[in-house]
Amino acid sequence: MTLLVTGGAGFIGSNFVLDWLRQSDEPIVNLDALTYAGNLENLKSLDGDARHHFVKGDIGDRALVDQLLATHRPRAIVHFAAESHVDRSIHGPGAFMKTNVDGTFTLLEAARAYWGALDADAKAAFRFHHVSTDEVYGSLKPEDPPFAETHPYEPNSPYSASKAASDHLVRAWHHTYGLPVLTTNCSNNYGPYHFPEKLIPLMIVNALAGKPLPVYGDGQQIRDWLYVTDHCSGIRAVLAGGRVGETYNIGGWNEKANIDIVNTVCALLDELRPSADGPYARLITYVKDRPGHDRRYAIDARKIERELGWRPAETFETGIRKTVQWYLDHPEWVARVQSGAYRDWVSTQYGA
Ligand code: NAD
Ligand code: TYD
């Protein structure tokens with residue numbers, strides 16, 4: 001038995017691969033294009049481990065995907081590969097359409113051809129697990145209940161629109177062709193190997209460098225935060241026991257305003273790596289808001305708990321402490337991902 005994982009060199013994908021191989025000897029074929037967000041260093045501890053087979057390539061390369069499916073005969077595909085950053089999608093939506101929409105389409109077509117030719121038992125056992133986001137549901141008002149799986153799709157950014165489109169393709173490939181799919185829609189993840197263009201790692205690395213901590217708009221936007229290994233365990237639970245064709249929301253029951261997140265990161269750094277220049281919160285700088293910025297996301301994760309018994313293991317307090325400590329312990333990882341391409345992005349987004 002084998003899994004084909006796409007995007008397994010990115011933030012969540014690499015955590016998933018590491019977590020999977022800590023608990024199972026079932027091998028993983030990891031297909032990743034190694035964009036700016038993919039980093040093989042995340043998987044360094046698997047060097048020489050025969051259970052991990054890395055392939056550099058694009059999910060939109062049908063011939064390559066066909067060849068990987070024919071050679072490795074996976075019993076499931078777990079599809080993480082995507083362009084994932086909202087701000088980048090605002091500056092350049094094209095790559096999001098290409099990977100998230102076209103790439104998912106190509107992967108679905110390859111999966112359909114492979115699955116269609118399996119014998120009856122393998123066909124019944126096969127799963128296409130699509131990893132998606134709560135952002136497809138749009139933005140909540142303060143008094144609204146959290147997103148349930150039945151919430152209408154109301155994506156507002158090019159990123160969330162591209163993920164919504166991919167969710168719809170996955171749904172249609174099940175309804176039309178019978179492909180045995182599962183979809184999970186998860187809230188904001190945080191933890192080790194998170195690329196420092198996203199809120200939490202950006203705040204940690206900027207604070208340590210004595211740089212401004214850019215808070216968009218009034219900082220009162222709310223996200224639900226989930227420690228990344230809890231997302232991984234949620235995916236494992238759905239892959240193992242989720243009902244085919246269903247979607248499952250995964251969340252941390254943990255809504256926080258951005259400014260509270262930034263203040264928490266500052267307070268932890270004050271404790272763990274105090275600065276001679278004073279509290280890190282002095283670096284907080286309010287900047288121009290993100291266009292079309294969604295105000296609030298929140299997840300109702302009762303379905304996955306009711307059906308599969310999943311709940312997050314980490315609280316925000318334990319998860320954020322581990323995360324800050326991880327960045328303090330891995331300055332060389334941070335230095336290496338802050339390449340020329342990273343610096344170009346920072347000047348595009350934050351300018352002078
Ligand atoms: P990421 O940007 O850190 O990693 C994406 C990975 O996909 C990278 O390794 C990249 O090289 C690879 N990739 C990109 N385009 C590719 C292509 N065309 N072919 C093959 N590989 C390609 O993203 P992430 O934060 O790890 O997110 C993973 C998945 O989880 C995405 O589908 C995202 O929409 C979803 N998700 C993310 C979050 C979050 O908070 N980060 C929350 C919910 C869902
Ligand atoms: P982000 O980590 O980009 O995730 P997403 O947009 O997918 O939720 O951003 C999380 C929140 O933090 C979002 O409301 C935007 C805000 N934010 C800032 O205030 N400053 C920043 O520099 C970044 C990157 C994000």
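The chain is numbered in sequence order, starting from 1. Quick caveat: nothing in here was measured; it's all calculated off a predicted structure. Note that ligands are numbered from 1 as they come in the structure, with each ligand's atoms numbered from 1 the same way.
Remark: minimum distance from atom 9 (O) of ligand 1 to any protein heavy atom is reached at Asp32 OD2, 2.5 Å. Nearest protein neighbour of atom 5 (C) of ligand 1, counting heavy atoms only, is Ala82 O, 3.4 Å. For atom 1 (P) of ligand 1, the closest heavy atom belonging to the protein is Ser84 OG, 3.5 Å. Scanning the protein heavy atoms around atom 31 (C) of ligand 1, the nearest turns out to be Phe80 O, 3.1 Å. Here the heavy atom of the protein found nearest to atom 3 (O) of ligand 1 is Phe11 N, 3.0 Å. In this structure, the protein non-hydrogen atom closest to atom 30 (O) of ligand 1 is Val131 CG1, 3.6 Å. Counting protein heavy atoms only, atom 4 (O) of ligand 1 is closest to Gly10 CA, 3.4 Å. Looking only at heavy atoms of the protein, atom 42 (C) of ligand 1 is closest to Ser187 O, 3.2 Å.
The stretch residues 19-60 participates, sequence neighbours left out, in these ring-ring contact (aromatic ring centres under 6.0 Å, His included) pairs: Phe16-Trp20, Tyr36-Phe195, His53-His72. Legend: salt bridge (Lys or Arg N to Asp or Glu O under 4.0 Å) pairs involving residues 131-160, not counting sequence neighbours: none detected. Within the structure, salt bridge (Lys or Arg N to Asp or Glu O under 4.0 Å) pairs that include any residue of residues 64-74 comprise Arg62-Asp66 (at least two apart or interchain).
At a cut-off of 3.5 Å, with distance as the only test, no side-chain donor of Ser84 or Lys163 sits close to an acceptor on the other residue. Thr6 and His79 share a side-chain donor-acceptor pair at under 3.5 Å. Side chain to side chain, Asp167 and Ser132 meet the donor-acceptor criterion of an N or O pair below 3.5 Å.
For His194, no nitrogen or oxygen atom sits less than 3.5 Å from a nitrogen or oxygen atom of ligand 1, counting backbone and side chain alike. Note: no N/O pair closer than 3.5 Å links Leu31 and ligand 1 by distance alone. Ligand 1 has a nitrogen or oxygen under 3.5 angstrom from a nitrogen or oxygen of Asp58. The N/O atoms of Lys163, backbone and side chain alike, include one that comes under 3.5 Å of an N/O atom in ligand 1. Ligand 1 has a nitrogen or oxygen under 3.5 angstrom from a nitrogen or oxygen of Ile12.
At least one donor-acceptor pair closer than 3.5 Å links the side chain of Asp224 to the backbone N or O of Gly252.
The closest approach between any non-hydrogen atom of Thr6 and ligand 1 is not below 4.0 Å. Assignment of Ser14 to the shell around ligand 1 is not supported, since no heavy atom sits closer than 4.0 Å. Note on ligand 1: Ser132 sits in its first shell, one or more heavy atoms being nearer than 4.0 Å. Contact between Gly8 and ligand 1 is absent, with no heavy atom of the residue lying under 4.0 Å from the ligand.
For Asn39, no heavy-atom contact with ligand 1 is shorter than 4.0 Å.
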Taking a 3.5 Å cut-off between nitrogen or oxygen atoms, can you list every pair linking ligand 2 to the protein, with distances?
residue	atom	partner	partner atom	Å
ligand 2	2 (O)	Leu199	N	2.9
ligand 2	3 (O)	Arg290	NH2	3.1
ligand 2	4 (O)	Asn188	ND2	3.4
ligand 2	6 (O)	Arg290	NH1	2.5
ligand 2	6 (O)	Arg290	NH2	3.2
ligand 2	7 (O)	Glu135	OE2	2.5
ligand 2	8 (O)	Asn188	ND2	2.9
ligand 2	8 (O)	Arg223	NE	2.8
ligand 2	12 (O)	Asn258	ND2	3.3
ligand 2	14 (O)	Arg223	NH2	3.1
ligand 2	14 (O)	Asn258	ND2	2.8
ligand 2	14 (O)	His293	NE2	2.7
ligand 2	19 (O)	Tyr216	N	2.9
ligand 2	20 (N)	Pro214	O	2.8
ligand 2	22 (O)	Pro214	O	3.3
ligand 2	22 (O)	Tyr350	OH	2.6

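With a 4.5 Å cut-off on side-chain heavy atoms, Asn258 and Tyr216 do not count as touching.
Results of the side-chain hydrogen bond (donor to acceptor under 3.5 Å, both in side chains) test with Arg88 over Glu83, Glu197, Gln349 single out Glu197 as the only residue that passes.
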- request: Given ring pair (Phe, Tyr, Trp, His ring centres under 6.0 Å), test Tyr227 with Phe316 step by step and report yes or no.
  value: CA-CA 7 Å; Tyr227 191 67; Phe316 187 70; 9.8 Å; no
- [ ] Walk me through it: do Asp32 and Lys56 pass the test salt bridge (charged side-chain N to carboxylate O under 4.0 Å, His left out)?
- [x] CA-CA 5 Å; Asp32 193 299; Lys56 181 179 185 309; over 6 Å; no
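Residue nearest to atom 13 (N) of ligand 1, selected from Leu40, Asp224, Thr35: Thr35 (by heavy-atom distance). For the residues Ala33, Cys186, Gly103, the heavy atom positioned nearest atom 17 (C) of ligand 1 is part of Ala33. Among Leu226, Thr99, Asn189, the residue whose heavy atom sits closest to atom 40 (O) of ligand 1 is Asn189. Nearest to atom 34 (O) of ligand 1 by heavy-atom distance, out of Trp225, Tyr159, Tyr36, Phe195, is Tyr159.
Here the CG atom belonging to Leu107 is positioned 13.0 Å from the CZ atom belonging to Arg112, to the nearest 0.5 angstrom.
Within the cation-pi definition used here (under 6.0 Å to the ring centroid, within 45° of the axis), Lys123 qualifies as a partner of Trp115.
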